[in-house]
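Everything on this sheet refers to the single structure shown next.
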Amino acid sequence: MELILAVAECDLSESAVCAPESVNDLFEFRTAIFEVFGFPITRTVFLIFLAMALSVGLIYFGLRKKATQPGKFQLSIESLMTFVRDEIAIGIIGPTGIKYFPYLMSIFIFILIGNAFEVTPFVNFPITSRMAIPLFLALTTWVIFVFAGFKANGFSYFTGIIWPSSVPVALRPLVGLIEFFSIFLVRPFSLAVRLFANLVAGHVMLSLLLVTAWVSITTIGDIGAIKGAFGIAWWALALGIFMFEMIVILLQAYIFTLLSAVYIDTSVNVEH
Amino acid sequence: MLTHVFAQLVLAAEEPTLISEEVSEESGGIDLLLPASEELFAGIIAFAIVFFFIWKWAIPALNKTLAARQEAIADELKAAEQAKVEAESLLNDYQAQVAGAKDEAAQIVADAREAGEAVKADIVSRAESEAASIKQRASDEVTAERSRVAEDLKRQVADLSIDVAERVVGSSLGADQQRELVDRYIDELGGVQ
(Lines give C-alpha, C1' and ligand atoms only; values in the text may rest on other atoms or scores of the structure.)
Protein backbone atom coordinates (compact mmCIF):
# COMPACT_ATOMS: atom_id res chain seq x y z
CA MET A 1 0.00 0.00 0.00
CA GLU A 2 2.99 2.21 0.45
CA LEU A 3 3.64 1.55 -3.19
CA ILE A 4 0.32 3.01 -4.21
CA LEU A 5 1.07 6.11 -2.33
CA ALA A 6 4.47 6.08 -3.90
CA VAL A 7 2.75 5.89 -7.28
CA ALA A 8 0.55 8.80 -6.35
CA GLU A 9 3.51 10.92 -5.43
CA CYS A 10 6.11 9.54 -7.78
CA ASP A 11 7.72 12.30 -9.78
CA LEU A 12 9.74 10.84 -12.63
CA SER A 13 11.15 14.23 -13.46
CA GLU A 14 13.15 13.89 -10.26
CA SER A 15 13.76 10.16 -9.95
CA ALA A 16 14.36 7.33 -12.43
CA VAL A 17 12.19 4.70 -10.78
CA CYS A 18 9.04 4.78 -8.70
CA ALA A 19 9.86 2.80 -5.60
CA PRO A 20 8.63 2.79 -2.05
CA GLU A 21 10.88 3.95 0.70
CA SER A 22 11.57 0.43 1.87
CA VAL A 23 11.48 -2.89 0.05
CA ASN A 24 9.36 -4.15 2.92
CA ASP A 25 6.57 -1.98 1.63
CA LEU A 26 6.21 -4.36 -1.26
CA PHE A 27 5.70 -7.31 1.05
CA GLU A 28 4.45 -6.23 4.44
CA PHE A 29 0.68 -6.23 4.56
CA ARG A 30 0.20 -6.39 8.29
CA THR A 31 -2.94 -4.33 8.62
CA ALA A 32 -5.90 -6.49 9.48
CA ILE A 33 -8.76 -6.27 7.00
CA PHE A 34 -10.98 -7.90 9.62
CA GLU A 35 -10.58 -10.22 12.57
CA VAL A 36 -11.84 -13.72 13.26
CA PHE A 37 -11.94 -14.58 16.97
CA GLY A 38 -9.29 -11.97 17.54
CA PHE A 39 -7.06 -13.40 14.80
CA PRO A 40 -6.10 -10.67 12.32
CA ILE A 41 -6.94 -11.46 8.73
CA THR A 42 -4.43 -9.40 6.81
CA ARG A 43 -4.22 -9.37 3.05
CA THR A 44 -1.46 -11.99 3.11
CA VAL A 45 -3.38 -14.20 5.55
CA PHE A 46 -6.42 -13.89 3.34
CA LEU A 47 -4.36 -14.94 0.33
CA ILE A 48 -2.92 -17.91 2.24
CA PHE A 49 -6.44 -19.16 2.92
CA LEU A 50 -7.39 -18.39 -0.66
CA ALA A 51 -4.48 -20.57 -1.82
CA MET A 52 -5.75 -23.33 0.43
CA ALA A 53 -9.30 -22.99 -0.92
CA LEU A 54 -8.06 -23.02 -4.50
CA SER A 55 -5.82 -26.04 -3.90
CA VAL A 56 -8.67 -27.98 -2.35
CA GLY A 57 -11.23 -26.66 -4.84
CA LEU A 58 -9.20 -27.43 -7.95
CA ILE A 59 -8.53 -30.99 -6.86
CA TYR A 60 -12.07 -31.49 -5.61
CA PHE A 61 -13.70 -30.29 -8.83
CA GLY A 62 -11.11 -32.16 -10.86
CA LEU A 63 -11.74 -35.52 -9.23
CA ARG A 64 -15.32 -35.41 -7.98
CA LYS A 65 -16.92 -36.90 -11.09
CA LYS A 66 -14.58 -39.89 -11.16
CA ALA A 67 -15.46 -40.28 -14.83
CA THR A 68 -14.02 -43.26 -16.65
CA GLN A 69 -13.64 -41.08 -19.72
CA PRO A 70 -12.28 -37.86 -18.21
CA GLY A 71 -12.79 -34.33 -19.49
CA LYS A 72 -9.88 -31.97 -20.02
CA PHE A 73 -10.01 -30.52 -16.52
CA GLN A 74 -10.23 -33.90 -14.80
CA LEU A 75 -7.43 -35.17 -17.00
CA SER A 76 -5.25 -32.17 -16.09
CA ILE A 77 -5.70 -32.71 -12.36
CA GLU A 78 -5.18 -36.45 -12.71
CA SER A 79 -2.06 -35.90 -14.81
CA LEU A 80 -0.68 -33.45 -12.26
CA MET A 81 -1.26 -35.90 -9.43
CA THR A 82 0.05 -38.93 -11.25
CA PHE A 83 3.09 -36.89 -12.30
CA VAL A 84 3.90 -36.07 -8.66
CA ARG A 85 3.22 -39.67 -7.66
CA ASP A 86 5.11 -41.45 -10.43
CA GLU A 87 7.88 -39.00 -11.28
CA ILE A 88 8.62 -37.46 -7.91
CA ALA A 89 7.38 -39.69 -5.07
CA ILE A 90 8.03 -43.12 -6.60
CA GLY A 91 10.50 -41.90 -9.22
CA ILE A 92 12.88 -40.40 -6.69
CA ILE A 93 12.29 -42.34 -3.48
CA GLY A 94 11.31 -45.69 -4.96
CA PRO A 95 8.32 -47.91 -4.16
CA THR A 96 8.24 -46.68 -0.54
CA GLY A 97 7.84 -43.16 -1.89
CA ILE A 98 4.09 -43.74 -2.20
CA LYS A 99 3.89 -43.11 1.57
CA TYR A 100 5.12 -39.57 1.03
CA PHE A 101 2.89 -38.86 -1.96
CA PRO A 102 0.19 -37.03 0.06
CA TYR A 103 2.78 -34.69 1.53
CA LEU A 104 4.62 -34.11 -1.75
CA MET A 105 1.36 -33.50 -3.60
CA SER A 106 0.23 -31.05 -0.92
CA ILE A 107 3.39 -28.97 -1.03
CA PHE A 108 3.43 -29.01 -4.81
CA ILE A 109 -0.11 -27.73 -5.28
CA PHE A 110 0.04 -25.32 -2.34
CA ILE A 111 3.32 -23.76 -3.49
CA LEU A 112 2.22 -23.71 -7.12
CA ILE A 113 -0.93 -21.77 -6.33
CA GLY A 114 0.85 -19.59 -3.78
CA ASN A 115 3.45 -18.76 -6.45
CA ALA A 116 0.84 -18.25 -9.15
CA PHE A 117 -0.62 -15.37 -7.17
CA GLU A 118 2.39 -13.41 -8.39
CA VAL A 119 0.93 -13.16 -11.87
CA THR A 120 -2.74 -13.47 -10.99
CA PRO A 121 -4.73 -10.37 -11.92
CA PHE A 122 -6.05 -8.39 -8.94
CA VAL A 123 -3.80 -10.36 -6.59
CA ASN A 124 -0.26 -9.88 -7.89
CA PHE A 125 1.35 -11.04 -4.72
CA PRO A 126 2.92 -14.47 -4.17
CA ILE A 127 2.35 -15.75 -0.64
CA THR A 128 5.58 -17.71 -0.96
CA SER A 129 7.45 -14.41 -0.98
CA ARG A 130 6.59 -14.22 2.71
CA MET A 131 9.13 -16.21 4.72
CA ALA A 132 6.44 -17.83 6.87
CA ILE A 133 5.29 -20.19 4.11
CA PRO A 134 8.63 -21.43 2.68
CA LEU A 135 10.10 -21.69 6.17
CA PHE A 136 7.19 -23.68 7.53
CA LEU A 137 7.20 -26.03 4.54
CA ALA A 138 10.98 -26.43 4.60
CA LEU A 139 10.90 -27.24 8.30
CA THR A 140 8.11 -29.75 7.70
CA THR A 141 10.24 -31.41 5.03
CA TRP A 142 13.17 -31.38 7.46
CA VAL A 143 11.14 -33.05 10.20
CA ILE A 144 9.86 -35.64 7.75
CA PHE A 145 13.23 -36.58 6.26
CA VAL A 146 14.98 -36.71 9.63
CA PHE A 147 12.17 -38.79 11.11
CA ALA A 148 12.08 -41.05 8.04
CA GLY A 149 15.87 -41.48 8.24
CA PHE A 150 15.76 -42.59 11.86
CA LYS A 151 12.74 -44.80 11.25
CA ALA A 152 14.30 -46.55 8.28
CA ASN A 153 17.87 -46.87 9.53
CA GLY A 154 17.74 -46.41 13.26
CA PHE A 155 20.57 -44.55 14.91
CA SER A 156 22.95 -45.56 12.12
CA TYR A 157 21.25 -42.84 10.07
CA PHE A 158 22.86 -40.27 12.31
CA THR A 159 26.19 -42.04 12.80
CA GLY A 160 26.38 -42.65 9.06
CA ILE A 161 26.23 -38.92 8.52
CA ILE A 162 28.68 -37.77 11.18
CA TRP A 163 31.08 -40.71 10.63
CA PRO A 164 30.73 -41.61 6.93
CA SER A 165 32.30 -45.00 6.31
CA SER A 166 32.73 -44.38 2.59
CA VAL A 167 35.51 -41.79 3.08
CA PRO A 168 39.04 -42.36 4.41
CA VAL A 169 39.22 -42.40 8.20
CA ALA A 170 41.36 -39.29 8.36
CA LEU A 171 38.74 -37.27 6.54
CA ARG A 172 35.75 -38.62 8.39
CA PRO A 173 35.61 -35.97 11.13
CA LEU A 174 35.77 -33.16 8.60
CA VAL A 175 33.33 -34.70 6.13
CA GLY A 176 31.07 -35.73 9.00
CA LEU A 177 31.01 -32.18 10.31
CA ILE A 178 30.27 -30.77 6.87
CA GLU A 179 27.57 -33.38 6.28
CA PHE A 180 26.03 -32.71 9.67
CA PHE A 181 25.77 -28.98 9.04
CA SER A 182 24.74 -29.49 5.45
CA ILE A 183 21.94 -31.93 6.20
CA PHE A 184 20.60 -30.74 9.50
CA LEU A 185 21.11 -26.99 9.28
CA VAL A 186 21.68 -25.83 5.73
CA ARG A 187 19.11 -27.98 3.94
CA PRO A 188 15.96 -26.53 5.50
CA PHE A 189 17.33 -23.02 5.25
CA SER A 190 18.44 -23.36 1.63
CA LEU A 191 15.16 -25.01 0.71
CA ALA A 192 13.19 -22.14 2.21
CA VAL A 193 15.40 -19.35 0.92
CA ARG A 194 15.52 -20.71 -2.63
CA LEU A 195 11.76 -20.47 -2.96
CA PHE A 196 11.43 -17.27 -0.97
CA ALA A 197 14.20 -15.38 -2.79
CA ASN A 198 12.98 -16.34 -6.25
CA LEU A 199 9.51 -15.08 -5.56
CA VAL A 200 10.72 -11.95 -3.78
CA ALA A 201 12.95 -11.06 -6.71
CA GLY A 202 10.16 -11.66 -9.20
CA HIS A 203 7.69 -9.61 -7.23
CA VAL A 204 10.13 -6.70 -6.80
CA MET A 205 10.99 -6.66 -10.49
CA LEU A 206 7.41 -6.84 -11.68
CA SER A 207 6.12 -4.28 -9.17
CA LEU A 208 8.75 -1.65 -9.81
CA LEU A 209 8.76 -2.04 -13.57
CA LEU A 210 5.00 -1.97 -13.89
CA VAL A 211 4.54 0.94 -11.53
CA THR A 212 7.30 2.96 -13.15
CA ALA A 213 5.92 2.17 -16.60
CA TRP A 214 2.44 3.14 -15.50
CA VAL A 215 3.54 6.41 -13.99
CA SER A 216 5.78 7.37 -16.90
CA ILE A 217 3.11 6.65 -19.49
CA THR A 218 0.35 8.44 -17.62
CA THR A 219 2.45 11.50 -16.82
CA ILE A 220 4.12 11.76 -20.21
CA GLY A 221 2.92 15.33 -20.61
CA ASP A 222 4.79 16.43 -17.50
CA ILE A 223 8.01 14.48 -17.82
CA GLY A 224 8.59 14.76 -21.55
CA ALA A 225 8.55 12.37 -24.45
CA ILE A 226 11.93 10.78 -23.80
CA LYS A 227 11.13 9.68 -20.27
CA GLY A 228 7.68 8.70 -21.40
CA ALA A 229 9.24 6.47 -24.05
CA PHE A 230 11.31 4.85 -21.34
CA GLY A 231 8.03 3.94 -19.70
CA ILE A 232 7.10 1.91 -22.75
CA ALA A 233 10.47 0.19 -22.59
CA TRP A 234 9.85 -0.66 -18.92
CA TRP A 235 6.44 -1.94 -19.89
CA ALA A 236 7.89 -4.22 -22.57
CA LEU A 237 10.54 -5.47 -20.17
CA ALA A 238 7.89 -6.11 -17.54
CA LEU A 239 5.93 -8.19 -20.06
CA GLY A 240 9.02 -10.28 -20.76
CA ILE A 241 9.64 -10.78 -17.06
CA PHE A 242 5.98 -11.60 -16.59
CA MET A 243 6.40 -14.51 -18.99
CA PHE A 244 9.64 -15.51 -17.33
CA GLU A 245 7.98 -15.45 -13.92
CA MET A 246 5.33 -17.87 -15.12
CA ILE A 247 8.11 -20.37 -15.71
CA VAL A 248 9.69 -19.56 -12.35
CA ILE A 249 6.38 -20.18 -10.61
CA LEU A 250 6.11 -23.69 -11.96
CA LEU A 251 9.79 -24.44 -11.68
CA GLN A 252 10.13 -23.38 -8.06
CA ALA A 253 7.12 -25.45 -7.00
CA TYR A 254 8.65 -28.40 -8.82
CA ILE A 255 12.13 -27.84 -7.37
CA PHE A 256 10.85 -27.54 -3.81
CA THR A 257 8.86 -30.76 -4.16
CA LEU A 258 11.66 -32.55 -5.97
CA LEU A 259 14.26 -31.58 -3.37
CA SER A 260 11.93 -32.64 -0.57
CA ALA A 261 11.69 -36.04 -2.25
CA VAL A 262 15.46 -36.17 -2.75
CA TYR A 263 16.08 -35.35 0.91
CA ILE A 264 13.64 -38.03 2.01
CA ASP A 265 15.28 -40.47 -0.38
CA THR A 266 18.79 -39.78 0.94
CA SER A 267 17.50 -40.36 4.46
CA VAL A 268 15.59 -43.54 3.75
CA ASN A 269 17.90 -45.13 1.19
CA VAL A 270 21.22 -44.36 2.80
CA GLU A 271 24.34 -45.25 0.83
CA HIS A 272 27.28 -44.97 3.11
CA MET B 1 -0.59 -5.77 -15.76
CA LEU B 2 -2.31 -2.73 -14.41
CA THR B 3 -4.20 -5.01 -12.14
CA HIS B 4 -1.33 -4.99 -9.75
CA VAL B 5 -1.70 -1.29 -9.30
CA PHE B 6 -5.46 -1.55 -9.09
CA ALA B 7 -5.30 -4.37 -6.61
CA GLN B 8 -3.04 -2.32 -4.46
CA LEU B 9 -5.45 0.55 -4.76
CA VAL B 10 -8.31 -1.60 -3.57
CA LEU B 11 -6.43 -2.59 -0.50
CA ALA B 12 -4.62 0.65 -0.03
CA ALA B 13 -4.52 2.25 3.36
CA GLU B 14 -2.16 3.98 5.69
CA GLU B 15 -0.32 7.20 5.33
CA PRO B 16 1.60 8.84 2.54
CA THR B 17 5.21 7.90 2.42
CA LEU B 18 8.31 9.53 1.14
CA ILE B 19 9.17 8.67 -2.41
CA SER B 20 12.77 7.86 -2.86
CA GLU B 21 14.94 7.17 -5.83
CA GLU B 22 16.86 4.61 -3.89
CA VAL B 23 15.41 1.81 -1.87
CA SER B 24 16.35 2.19 1.74
CA GLU B 25 18.65 -0.55 2.89
CA GLU B 26 18.17 0.17 6.56
CA SER B 27 14.57 -0.91 6.98
CA GLY B 28 14.49 -3.58 4.29
CA GLY B 29 16.84 -6.30 5.41
CA ILE B 30 16.18 -8.75 8.17
CA ASP B 31 12.47 -8.04 8.63
CA LEU B 32 11.81 -9.68 5.31
CA LEU B 33 13.50 -12.90 6.45
CA LEU B 34 11.55 -13.22 9.66
CA PRO B 35 8.18 -14.95 9.40
CA ALA B 36 5.20 -12.93 10.52
CA SER B 37 3.42 -14.82 13.28
CA GLU B 38 -0.11 -14.49 11.86
CA GLU B 39 1.12 -15.62 8.43
CA LEU B 40 2.94 -18.60 9.93
CA PHE B 41 -0.14 -19.59 11.86
CA ALA B 42 -2.38 -19.18 8.82
CA GLY B 43 0.13 -21.11 6.71
CA ILE B 44 0.16 -24.03 9.15
CA ILE B 45 -3.62 -24.23 9.25
CA ALA B 46 -4.04 -23.78 5.51
CA PHE B 47 -1.40 -26.36 4.64
CA ALA B 48 -2.76 -28.82 7.20
CA ILE B 49 -6.19 -28.56 5.57
CA VAL B 50 -4.72 -29.08 2.09
CA PHE B 51 -2.70 -32.03 3.34
CA PHE B 52 -5.61 -33.74 5.08
CA PHE B 53 -7.87 -33.14 2.12
CA ILE B 54 -5.34 -34.67 -0.28
CA TRP B 55 -4.48 -37.51 2.07
CA LYS B 56 -8.00 -38.49 3.04
CA TRP B 57 -10.06 -37.60 -0.02
CA ALA B 58 -8.07 -36.74 -3.14
CA ILE B 59 -5.70 -39.71 -3.27
CA PRO B 60 -8.38 -42.34 -2.55
CA ALA B 61 -10.56 -40.63 -5.17
CA LEU B 62 -7.70 -40.66 -7.66
CA ASN B 63 -6.91 -44.30 -6.96
CA LYS B 64 -10.56 -45.24 -7.28
CA THR B 65 -10.94 -43.38 -10.55
CA LEU B 66 -7.77 -44.83 -12.02
CA ALA B 67 -8.68 -48.34 -10.86
CA ALA B 68 -12.16 -48.02 -12.36
CA ARG B 69 -10.65 -46.76 -15.60
CA GLN B 70 -8.11 -49.56 -15.65
CA GLU B 71 -10.88 -52.07 -15.05
CA ALA B 72 -13.03 -50.50 -17.78
CA ILE B 73 -10.13 -50.61 -20.21
CA ALA B 74 -9.39 -54.21 -19.25
CA ASP B 75 -13.06 -55.09 -19.77
CA GLU B 76 -13.10 -53.37 -23.12
CA LEU B 77 -9.93 -55.18 -24.13
CA LYS B 78 -11.45 -58.44 -23.00
CA ALA B 79 -14.65 -57.71 -24.90
CA ALA B 80 -12.64 -56.76 -27.96
CA GLU B 81 -10.63 -59.96 -27.64
CA GLN B 82 -13.85 -61.93 -27.30
CA ALA B 83 -15.32 -60.20 -30.33
CA LYS B 84 -12.15 -60.94 -32.25
CA VAL B 85 -12.31 -64.60 -31.31
CA GLU B 86 -15.98 -64.73 -32.31
CA ALA B 87 -15.23 -62.96 -35.57
CA GLU B 88 -12.40 -65.37 -36.29
CA SER B 89 -14.65 -68.29 -35.44
CA LEU B 90 -17.35 -66.91 -37.75
CA LEU B 91 -14.79 -66.37 -40.45
CA ASN B 92 -13.58 -69.93 -40.08
CA ASP B 93 -17.17 -71.16 -40.25
CA TYR B 94 -17.83 -69.13 -43.36
CA GLN B 95 -14.61 -70.27 -44.91
CA ALA B 96 -15.48 -73.86 -44.06
CA GLN B 97 -18.95 -73.34 -45.49
CA VAL B 98 -17.56 -71.81 -48.64
CA ALA B 99 -15.05 -74.61 -48.96
CA GLY B 100 -17.86 -77.15 -48.36
CA ALA B 101 -20.02 -75.42 -50.92
CA LYS B 102 -17.20 -75.54 -53.42
CA ASP B 103 -16.64 -79.22 -52.73
CA GLU B 104 -20.33 -79.83 -52.98
CA ALA B 105 -20.53 -77.94 -56.28
CA ALA B 106 -17.55 -79.88 -57.58
CA GLN B 107 -19.21 -83.10 -56.44
CA ILE B 108 -22.44 -82.12 -58.13
CA VAL B 109 -20.59 -81.32 -61.33
CA ALA B 110 -18.69 -84.58 -61.08
CA ASP B 111 -21.89 -86.51 -60.42
CA ALA B 112 -23.60 -84.77 -63.28
CA ARG B 113 -20.69 -85.50 -65.53
CA GLU B 114 -20.68 -89.10 -64.40
CA ALA B 115 -24.41 -89.35 -64.90
CA GLY B 116 -24.05 -87.73 -68.28
CA GLU B 117 -21.32 -90.16 -69.19
CA ALA B 118 -23.46 -93.05 -68.01
CA VAL B 119 -26.44 -91.83 -69.99
CA LYS B 120 -24.22 -91.31 -72.99
CA ALA B 121 -22.69 -94.76 -72.60
CA ASP B 122 -26.14 -96.25 -72.17
CA ILE B 123 -27.46 -94.47 -75.24
CA VAL B 124 -24.44 -95.50 -77.27
CA SER B 125 -24.67 -99.03 -75.97
CA ARG B 126 -28.34 -99.22 -76.72
CA ALA B 127 -27.78 -97.73 -80.13
CA GLU B 128 -24.99 -100.16 -80.82
CA SER B 129 -27.08 -103.00 -79.56
CA GLU B 130 -30.01 -101.89 -81.66
CA ALA B 131 -27.77 -101.43 -84.64
CA ALA B 132 -26.33 -104.86 -84.09
CA SER B 133 -29.79 -106.23 -83.73
CA ILE B 134 -30.94 -104.48 -86.91
CA LYS B 135 -27.82 -105.67 -88.66
CA GLN B 136 -28.39 -109.16 -87.39
CA ARG B 137 -31.98 -109.08 -88.42
CA ALA B 138 -31.03 -107.78 -91.84
CA SER B 139 -28.35 -110.41 -92.09
CA ASP B 140 -30.80 -113.09 -91.07
CA GLU B 141 -33.31 -111.81 -93.58
CA VAL B 142 -30.63 -111.74 -96.26
CA THR B 143 -29.61 -115.29 -95.34
CA ALA B 144 -33.18 -116.44 -95.31
CA GLU B 145 -33.87 -114.74 -98.60
CA ARG B 146 -30.72 -116.20 -100.00
CA SER B 147 -31.77 -119.66 -98.82
CA ARG B 148 -35.23 -119.16 -100.22
CA VAL B 149 -33.87 -117.90 -103.53
CA ALA B 150 -31.36 -120.77 -103.66
CA GLU B 151 -34.16 -123.19 -102.85
CA ASP B 152 -36.30 -121.71 -105.61
CA LEU B 153 -33.44 -121.75 -107.99
CA LYS B 154 -32.62 -125.29 -107.08
CA ARG B 155 -36.24 -126.27 -107.64
CA GLN B 156 -36.39 -124.45 -110.91
CA VAL B 157 -33.08 -126.07 -112.03
CA ALA B 158 -34.44 -129.44 -111.01
CA ASP B 159 -37.70 -128.83 -112.84
CA LEU B 160 -35.81 -127.66 -115.90
CA SER B 161 -33.43 -130.59 -115.67
CA ILE B 162 -36.31 -133.04 -115.42
CA ASP B 163 -37.95 -131.42 -118.37
CA VAL B 164 -34.74 -131.63 -120.31
CA ALA B 165 -34.09 -135.18 -119.19
CA GLU B 166 -37.63 -136.20 -120.01
CA ARG B 167 -37.21 -134.75 -123.39
CA VAL B 168 -33.81 -136.44 -123.81
CA VAL B 169 -34.66 -139.80 -122.34
CA GLY B 170 -38.15 -139.83 -123.60
CA SER B 171 -39.22 -141.80 -120.80
CA SER B 172 -40.32 -140.46 -117.78
CA LEU B 173 -39.24 -141.24 -114.44
CA GLY B 174 -41.59 -140.90 -111.63
CA ALA B 175 -41.75 -137.37 -110.59
CA ASP B 176 -40.37 -138.14 -107.11
CA GLN B 177 -37.52 -140.20 -108.50
CA GLN B 178 -36.57 -137.47 -110.87
CA ARG B 179 -36.62 -134.92 -108.18
CA GLU B 180 -34.47 -137.07 -105.89
CA LEU B 181 -32.04 -137.61 -108.71
CA VAL B 182 -31.76 -133.94 -109.47
CA ASP B 183 -31.38 -132.99 -105.83
CA ARG B 184 -28.58 -135.49 -105.46
CA TYR B 185 -26.95 -134.06 -108.48
CA ILE B 186 -27.25 -130.57 -107.27
CA ASP B 187 -25.94 -131.52 -103.86
CA GLU B 188 -22.97 -133.14 -105.48
CA LEU B 189 -22.42 -130.05 -107.47
CA GLY B 190 -22.64 -128.03 -104.32
CA GLY B 191 -20.18 -130.36 -102.58
CA VAL B 192 -17.75 -130.06 -105.47
CA GLN B 193 -18.01 -126.30 -105.33
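Chain naming here is simple, since letters A, B, ... match the order of the sequence lines and numbering starts at 1 in each. Computation of the quantities below employed the complete heavy-atom set of this structure, encompassing side-chain atoms and omitting hydrogens, waters and symmetry-equivalent molecules.
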- prompt: Mind checking which of residues 189-202 of chain A sit less than 4.5 Å from chain B, heavy atom to heavy atom?
  reply: A:Phe196, A:Val200
- prompt: For chain A, which of B:Ala68, B:Ala72, B:Ala36 has the most heavy-atom pairs under 4.5 Å?
  reply: B:Ala36
Atom group of A:Ile109 that falls short of 4.5 Å from chain B, counting heavy atoms: side chain
- prompt: Checking heavy atoms, do the side chain of A:Thr42, its backbone, both or neither come under 4.5 Å from chain B?
  reply: side chain
task: Provide the closest heavy-atom pair for A:Pro70 versus A:Leu75 in the form atom of the first, atom of the second, distance.
output: CG-CD1, 3.8 Å
task: For A:Ile249 and A:Leu112, run side-chain contact (heavy atoms from CB on, under 4.5 Å): C-alpha distance rounded to whole Å, both residues' side-chain angles, the deciding distance at 0.1 Å, then the answer.
output: CA-CA 6 Å; A:Ile249 283 162; A:Leu112 184 66; 4.2 Å; yes
- prompt: Shortest non-hydrogen contact from A:Glu118 to A:His203?
  reply: OE2-N, 3.2 Å
query: Side chains of A:Tyr103 and A:Thr141: do they bring a donor and an acceptor to under 3.5 Å?
result: yes
query: Is chain B contacted by the side chain of A:Ile48, its backbone, both, or neither, given a heavy-atom distance below 4.5 Å?
result: both
query: Under 3.5 Å, is there a donor-acceptor pair between the B:Gln156 and B:Asp152 side chains?
result: no
- request: Please examine the side chains of A:Leu80 and A:Phe83, heavy atoms only from C-beta on, and report whether any two atoms are closer than 4.5 Å.
  value: no
- request: Measure B:Leu66 against the heavy atoms of chain A and call it side chain, backbone, both or neither at under 4.5 Å.
  value: side chain
- request: Take the angle between the ring planes of B:Phe52 and B:Trp55 and call it parallel below 30°, perpendicular above 60°, tilted in between.
  value: tilted
field: A:Ile77 versus chain B, the contacting section by heavy-atom distance below 4.5 Å
entry: neither
query: Less than 4.5 Å apart, any side-chain heavy atom of A:Phe125 and any of A:Phe117?
result: no
task: Verify whether one side chain among B:Gln97 and B:Asp93 offers a donor that lies under 3.5 Å from an acceptor in the other.
output: no
- prompt: Relative to chain A, which segment of B:Phe53 carries a heavy atom at a distance below 4.5 Å: side chain, backbone, both, or neither?
  reply: side chain
For residues 57-64 of chain A, dump all side-chain donor-acceptor pairs below 3.5 Å to protein atoms at least two apart in sequence or in another chain.
none

statement: One option among A:Ile127, A:Val45, A:Ile41, A:Val56 has the most heavy-atom pairs under 4.5 Å with chain B, and it is A:Val56
